[in-house]
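When reading the values below, keep in mind they use all heavy atoms of this one structure, side chains included, and skip hydrogens, waters and symmetry mates. Only a predicted model underlies this, so the values are computations on that prediction, with no experimental measurement involved. Sequence lines set the chain letters: A, B, ... in the order given, protein chains first and strands last, and positions in each chain run from 1.
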Amino acid sequence: MSCPARLAPVLLASLLGSACSAVTPSSPNPSEGSMPTRRILVNGVRVVVQEFHASDVVAVQLWVGVGARDEASSELGLAHYLEHMLFKGTVTRAPGFVEREVEGVGGRINAGTSLDYTYYHTVLPAPRAIPAVEMLADMSVNSTLSEKTLDLEKRVVLEEMRLGEDNPRRRLSRQLYELLFDGHPYGRPVIGTSELIQVLTRETLVGFYRRHYVPESFVLVVVGPIIASEVLAAAERTLGRLPRSGLKRLPLSAPDAGRSARLEIERPGTQAYLGMAWLGPKLDHADTPVVDLLVSILGQSRSSRLPQMLRERLGLVSSVSTAYSALEAAGAVTVTAQLEPANLARAEAQILRELQRVRERGVTDAELRRAVTAAEARYAFSTETAEGRAYAFGRAETVWRLEEELAYVDRLRSVTPAQIRSAARRYLDPERYARLAFVPPAR
Amino acid sequence: MTPGRSSAMLASLAALVAAAGTAVAQPPSVTRHVLPNGMAVVVRENPVAPVVTASLQVRAGSRFETAETAGITNFLVRTMIRGTARRSGTQVAETAEDIGGTLDASGEVESAEIRGEALARHWEELLGLIAEVALEPSLRGEEIERERRLVLSQIKTRAETPFSLSLDTLLRELYGSHPYAWHSLGLKSAVERLGRAQLAAHYRAVFRADRAVLAVSGQVSRERVVRAAERLFTKLPRSGAHEVGAAPPAAPSGERRVLERPAQQAQILAGYLGPGLNDPAYPAFRVLGAVLGAGTAGRLFAELRERRGLAYSLGALTPFRTGPSFLVTYLGTAPENSAAAEAGLLAELEKLRRAPVSDEELARAKAYLLGSFALDRRTNARQAWHLAFFEVIGVGWDFPERYARALEAVTTADVEAVAQRYLNRPSIVVLQPPPR
């Protein structure tokens with residue numbers, strides 16, 4: 001129901017077992033839960049289950065390998081629209097099932113659509129785990145997508161678009177991607193366009209649903225105080241019975257080399273927003289951990305370089321931060337700032353100077369050590385809850401590989417300052433980047 | 001509702017509530033200890049992940065401010081993490097990051113917090129850093145000016161964001177001269193003028209052992225945490241000279257205010273004052289809010305979003321307040337639907353006043369509230385915040401357990417009574433783009 005921002009790579013090497021098809025033994029430390037089990041059902045549905053006894057709450061998530069990048073230019077926004085519509089009822093579940101089966105027992109359910117995937121996530125009291133698997137399986141292939149609810153939901157999605165327009169940070173992020181990935185599927189708005197949504201027909205939506213919501217696209221993840229064999233059995237008798245579709249998701253080509261583009265847009269208010277973006281390595285590239293650490297050192301903590309220089313020393317911005325989004329077919333490194341309009345040019349120049357400094361002189365051992373520790377801590381904090389673990393497993397299984405995740409923190413630990421300097425030279429060209437600014441209207 | 005469903009629901013809720021750790025009687029994982037100087041330390045041992053979080057809260061915040069000092073608490077604690085007698089602000093940040101953590105601070109309405117998190121093996125360094133910031137802040141002039149600039153920018157951002165501007169306007173309409181009328185960031189006029197002497201005096205008044213609580217949650221040993229806290233916080237003075245006066249009474253305007261701002265969506269908010277969290281009517285008031293705004297079956301979602309497609313974001317807010325709390329309902333809609341949406345929102349409020357809620361609605365609202373409350377307290381950071389917050393405002397760290405029981409006991413008659421008592425003459429704020 002929500003449309004989360006594109007997500008930075010999750011630094012989660014984890015307690016994952018390798019890609020085996022047998023149930024793995026329990027971990028010796030009960031506080032960390034048993035090792036997760038990964039199984040591929042006969043029709044291609046992947047299932048990841050972890051027994052985790054931190055609380056009586058279970059996280060049940062269904063990941064679907066479809067996102068905005070899978071849409072044809074006439075289908076913009078369909079992945080997101082479907083995500084809304086899957087909450088409206090199935091052949092056997094009347095509208096209101098979310099209230100009856102999830103909220104009515106104290107649980108929560110929501111969903112998100114991104115460029116690479118869609119996922120439905122719920123947390124519930126543990127005894128509801130199997131019914132939740134059944135419910136998600138039902139939603140995934142039996143949603144009615146009725147004409148009447150489809151038309152009504154158009155108004156809701158148009159409101160969601162308006163809400164996004166009134167939020168400068170969300171809008172900056174979306175338009176910066178459009179500028180950076182111009183002409184590539186990653187440059188499309190996940191939420192679609194109002195023109196296409198207004199004329200969307202049931203037939204088009206059902207076609208998209210039947211094409212993409214198939215066993216080969218599904219990853220079911222269940223983490224909590226459950227019995228893995230029971231969950232696997234439930235997966236077998238629900239998602240496991242769906243016929244194979246033969247769908248093979250088309251690989252996405254890499255975007256052309258990063259382009260230089262500059263755009264300035266007037267928006268109400270008195271403050272300015274600046275976004276700068278570069279193409280980065282895609283998720284399975286060898287440079288991914290290096291760029292992760294580079295971006296962390298540049299602007300992901302209070303002591304990092306850009307906040308220290310631009311906000312603390314020079315007072316040019318009220319906030320500045322960096323992000324790295326590692327997608328399946330490409331990456332994006334972004335710098336965003338909020339500032340007084342009069343400081344725009346100086347702030348941009350100073351950001352470029354900081355990038356140049358890293359390109360020329362690299363980073364210190366202390367900076368690198370701190371960035372690795374931060375990644376280790378992010379991972380540790382993400383394992384606190386069942387849904388934190390399920391998210392990491394589901395995302396890895398959907399757009400990456402579990403075994404890659406397993407090695408990820410170790411890969412971060414092996415990165416050297418020389419590699420970081422070299423990545424800065426390769427990816428952060430101060431002469432070639434996409435730049436977008438929101439400025440107050442001229443008086 | 002069928003009896004079968006009702007009992008299944010209660011069983012499920014019991015599981016969820018127990019999951020939160022504090023909603024069962026005196027769970028062994030949480031202990032409270034009082035240091036010789038009077039400061040309370042609450043520790044929750046949680047072996048789940050190799051992390052630790054700590055929340056040091058003092059009884060201060062916008063509730064205790066005046067129009068002349070509005071924002072002083074947030075300004076103070078934000079400046080405190082910008083340097084100590086021993087470390088610059090950058091060094092404070094680097095020290096926290098070296099142990100896999102962060103250190104942050106904010107002044108809220110009922111309390112002010114210095115919070116930190118770290119990898120569990122560094123728990124003692126984390127507590128040491130929090131103690132250093134709390135006991136030896138340097139409050140250097142240049143750091144005060146840096147923070148002033150950032151806070152003023154945040155105040156400006158709130159004033160330029162349609163929803164927060166509308167909410168802040170409505171709270172002024174509801175509370176009048178009561179300090180709940182302004183956001184804890186404060187008022188621009190006050191933040192512009194506050195000087196070092198005032199910040200230092202405010203620090204001396206509120207960073208006192210008898211109005212401070214330290215809560216620690218994570219992979220730690222309670223004995224070792226208590227021993228470390230005794231050593232680290234022993235110099236925090238016992239009592240403050242600063243006595244808190246009664247706040248002026250809140251006086252809702254009951255008026256309709258229209259703001260014109262360029263925006264894609266109109267914002268419509270309607271609100272009422274309600275009971276404070278110590279009032280016996282408070283649980284029923286929260287249930288009332290949940291009947292309206294909780295989840296997909298809340299009346300606002302069901303009627304205004306699902307049936308009429310008038311909004312994407314909408315809901316009801318009811319906070320924890322020691323003084324009069326509020327119920328604020330809100331939605332964002334296309335400007336051309338503004339009148340219909342406002343009428344629809346007000347009709348739902350009126351309906352609640354005129355007719356009792358059904359047993360099923362009551363059960364659903366309670367389930368939603370109890371579920372939210374339990375789900376919100378599963379991370380160490382949220383646990384530490386809750387433990388310190390309820391302890392420092394004087395209702396005890398185990399308040400959630402009593403609150404959950406009180407929610408379960410709410411009847412349809414209780415909800416009807418609070419609707420009758422509190423839902424009278426809403427104050428309304430409508431933000432819409434100027435006519436073309």
A.B. asks: If you round to the nearest 0.5 Å, how far is CD of A:Glu384 from OG1 of B:Thr53?
C.D. replies: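 With rounding to 0.5 Å, OG1 (B:Thr53) is 7.0 Å from CD (A:Glu384).
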A.B. asks: Could you tell me which of B:Ser153, B:Gly332, B:Ala365 has the largest number of non-hydrogen atom pairs under 4.5 Å with chain A?
C.D. replies: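 Looking at each option in turn, the highest pair count goes to B:Ser153.
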A.B. asks: To check you understand the geometry: which heavy-atom pair defines the closest contact between A:Arg302 and B:Ala93, and what is its length?
C.D. replies: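 Scanning both residues, the minimum pair turns out to be CB-CB, 3.8 Å.
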A.B. asks: Looking only at heavy atoms, which two atoms of A:Val156 and B:Tyr312 are closest? And how far apart?
C.D. replies: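 For A:Val156 versus B:Tyr312, the nearest heavy atoms are O-CB, 3.6 Å.
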A.B. asks: Measure the spacing between CD of B:Gln265 and CG of A:Leu158 and express it to the nearest 0.5 Å.
C.D. replies: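 Rounded to the nearest 0.5 Å, the CD-CG separation comes out at 10.5 Å.
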A.B. asks: Is a side-chain donor-acceptor pair under 3.5 Å present for A:Glu312 with B:Thr90?
C.D. replies: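 Side-chain D/A pair, B:Thr90 to A:Glu312: absent.
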A.B. asks: Is B:Arg305 salt-bridged to A:Glu153, going by a charged N under 4.0 Å from an acidic O?
C.D. replies: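 Judged by the 4.0 Å cut-off on N to carboxylate O distance, B:Arg305 and A:Glu153 do form a salt bridge.
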A.B. asks: Closer than 4.0 angstrom, basic N to acidic O: yes or no for B:Glu360 and A:Arg100?
C.D. replies: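 Salt bridge: no.
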A.B. asks: Does A:Arg369 reach the main-chain N or O of B:Asp98 with its side chain, forming a donor-acceptor pair under 3.5 Å?
C.D. replies: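 No; zero donor-acceptor contacts below 3.5 Å.
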A.B. asks: Within the supplied structure, the quantity of interest is the number of heavy atoms (other residues, nucleotides, ligands) at a distance under 6.0 Å from A:Lys154 NZ; does it exceed 12?
C.D. replies: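 Enclosed.
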A.B. asks: Regarding A:Arg162 and B:Thr333, do their side chains bring together a donor and an acceptor under 3.5 Å, going by distance alone?
C.D. replies: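 Side chains of A:Arg162 and B:Thr333: no pair found under 3.5 Å.
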A.B. asks: Any idea which heavy atoms bring A:Arg155 and B:Gly309 closest together, and the distance?
C.D. replies: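 Smallest heavy-atom distance, with atoms named: CB-O, 3.2 Å.
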A.B. asks: Contact part of A:Val317 toward chain B, heavy-atom cut-off under 4.5 Å: side chain, backbone, both or neither?
C.D. replies: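 Contact with chain B involves the backbone of A:Val317 alone.
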A.B. asks: Side chain from CB out, backbone as N, CA, C, O: work out which of these in B:Arg261 comes under 4.5 Å of a heavy atom of chain A, or both, or neither.
C.D. replies: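 Interface part for B:Arg261: neither.
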A.B. asks: I need the minimum non-hydrogen distance between A:Thr383 and B:Val48, along with the two atoms involved.
C.D. replies: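 Minimum heavy-atom separation between A:Thr383 and B:Val48: O-CG1, 4.1 Å.
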A.B. asks: Give me the atom names and distance for the closest heavy-atom approach of A:Ala380 to B:Ala49.
C.D. replies: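 In this case the closest contact between A:Ala380 and B:Ala49 is O-CB, 3.7 Å.
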A.B. asks: So A:Glu376 and B:Arg121, salt bridge (charged side-chain N to carboxylate O under 4.0 Å, His left out) or not? Walk me through it.
C.D. replies: CA-CA 13 Å; A:Glu376 188 191 343; B:Arg121 62 179 183 266; 3.4 Å; yes
A.B. asks: Quick one: does any side-chain atom of B:Arg149 pair with a main-chain N or O of A:Arg311 as donor and acceptor, under 3.5 Å?
C.D. replies: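 Judged by distance alone, yes, a pair lies under 3.5 Å.
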A.B. asks: Tell me, for B:Ala263 versus chain A, whether the close heavy atoms (under 4.5 Å) come from the side chain, the backbone, both or neither.
C.D. replies: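 When you check distances to chain A, atoms from both the backbone and side chain of B:Ala263 fall under 4.5 Å.
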A.B. asks: Under a 4.5 Å heavy-atom cut-off, does chain A meet the side chain of B:Ile81, its backbone, both or neither?
C.D. replies: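 For B:Ile81, heavy atoms of backbone and side chain both lie under 4.5 Å from chain A.
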A.B. asks: Checking the side chain of A:Arg108 only, and the main-chain atoms of B:Tyr368 only, is there a donor and an acceptor separated by less than 3.5 Å?
C.D. replies: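 Yes, A:Arg108 side chain to B:Tyr368 backbone: donor-acceptor pair under 3.5 Å.
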A.B. asks: Output yes when B:Glu142 and A:Arg313 qualify as a salt bridge under the 4.0 Å nitrogen-oxygen rule, no when they do not.
C.D. replies: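 The answer is no: the pair does not qualify as a salt bridge.
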A.B. asks: Taking side chain as everything from C-beta outward and backbone as N, CA, C, O, which of these in B:Glu160 sits under 4.5 Å from a heavy atom of chain A? Side chain, backbone, both or neither.
C.D. replies: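 Side chain only.
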A.B. asks: Any donor-acceptor pair under 3.5 Å linking the side chain of A:Asp166 with the backbone of B:Gln264?
C.D. replies: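 Looks like yes, one N/O pair under 3.5 Å.
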A.B. asks: Looking just at side-chain N and O atoms, do B:Thr296 and A:Glu103 make a donor-acceptor pair shorter than 3.5 Å?
C.D. replies: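 The criterion, which ignores hydrogens and geometry beyond distance, is satisfied for A:Glu103 and B:Thr296.
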A.B. asks: Between A:Gln338 and B:Thr157, do the side chains contain a donor N or O and an acceptor N or O under 3.5 Å apart?
C.D. replies: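 Short answer, yes.
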A.B. asks: Which atoms of A:Gln308 are under 4.5 Å from chain B, going by heavy atoms: the side chain, the backbone, both sets, or neither?
C.D. replies: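 Side chain of A:Gln308 only, per the 4.5 Å heavy-atom cut-off to chain B.
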A.B. asks: Identify which part of A:Thr270 has an atom lying under 4.5 Å from any heavy atom of chain B, answering side chain, backbone, both or neither.
C.D. replies: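 Contact with chain B involves both backbone and side-chain atoms of A:Thr270.
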A.B. asks: As an exercise, state the distance from CZ of B:Arg378 to OG of A:Ser55, rounded to the nearest 0.5 Å.
C.D. replies: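 Between atom CZ of B:Arg378 and atom OG of A:Ser55 there are 5.5 Å.
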A.B. asks: Side chain from CB out, backbone as N, CA, C, O: work out which of these in B:Asn337 comes under 4.5 Å of a heavy atom of chain A, or both, or neither.
C.D. replies: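 Interface part for B:Asn337: side chain.
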A.B. asks: For the pair B:Lys156 and A:Glu340, find out whether any cationic side-chain nitrogen is under 4.0 Å from an anionic carboxylate oxygen.
C.D. replies: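 Salt bridge present between B:Lys156 and A:Glu340.
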A.B. asks: What residue in A:Ala386, A:Ser319, A:Gly269, A:Pro168 has the most heavy-atom pairs under 4.5 Å with chain B?
C.D. replies: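 That would be A:Gly269.
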A.B. asks: Heavy-atom distance under 4.5 Å to chain A: side chain of B:Val151, backbone, both or neither?
C.D. replies: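 The answer is neither part of B:Val151.
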A.B. asks: Return the option, out of B:Ala118, B:Gly89, B:Ala159, B:Ala334, with the maximum number of heavy-atom pairs under 4.5 Å with chain A.
C.D. replies: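 Heavy-atom pairs under 4.5 Å are most numerous for B:Ala334.
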A.B. asks: Please classify the contact between B:Ile99 and chain A as side chain, backbone, both or neither, with a heavy-atom cut-off of under 4.5 Å.
C.D. replies: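 Looking at B:Ile99, just its backbone touches chain A.
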A.B. asks: Taking atom types as modelled, is there a side-chain donor on B:Glu94 or A:Ser303 under 3.5 Å from an acceptor on the other?
C.D. replies: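 There is no such pair between these side chains.
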A.B. asks: Ignoring hydrogens, what is the shortest heavy-atom contact between A:Leu163 and B:Ser313? Give both atom names and the distance.
C.D. replies: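 For A:Leu163 and B:Ser313, the tightest heavy-atom pair comes out as CD1-OG, 4.0 Å.
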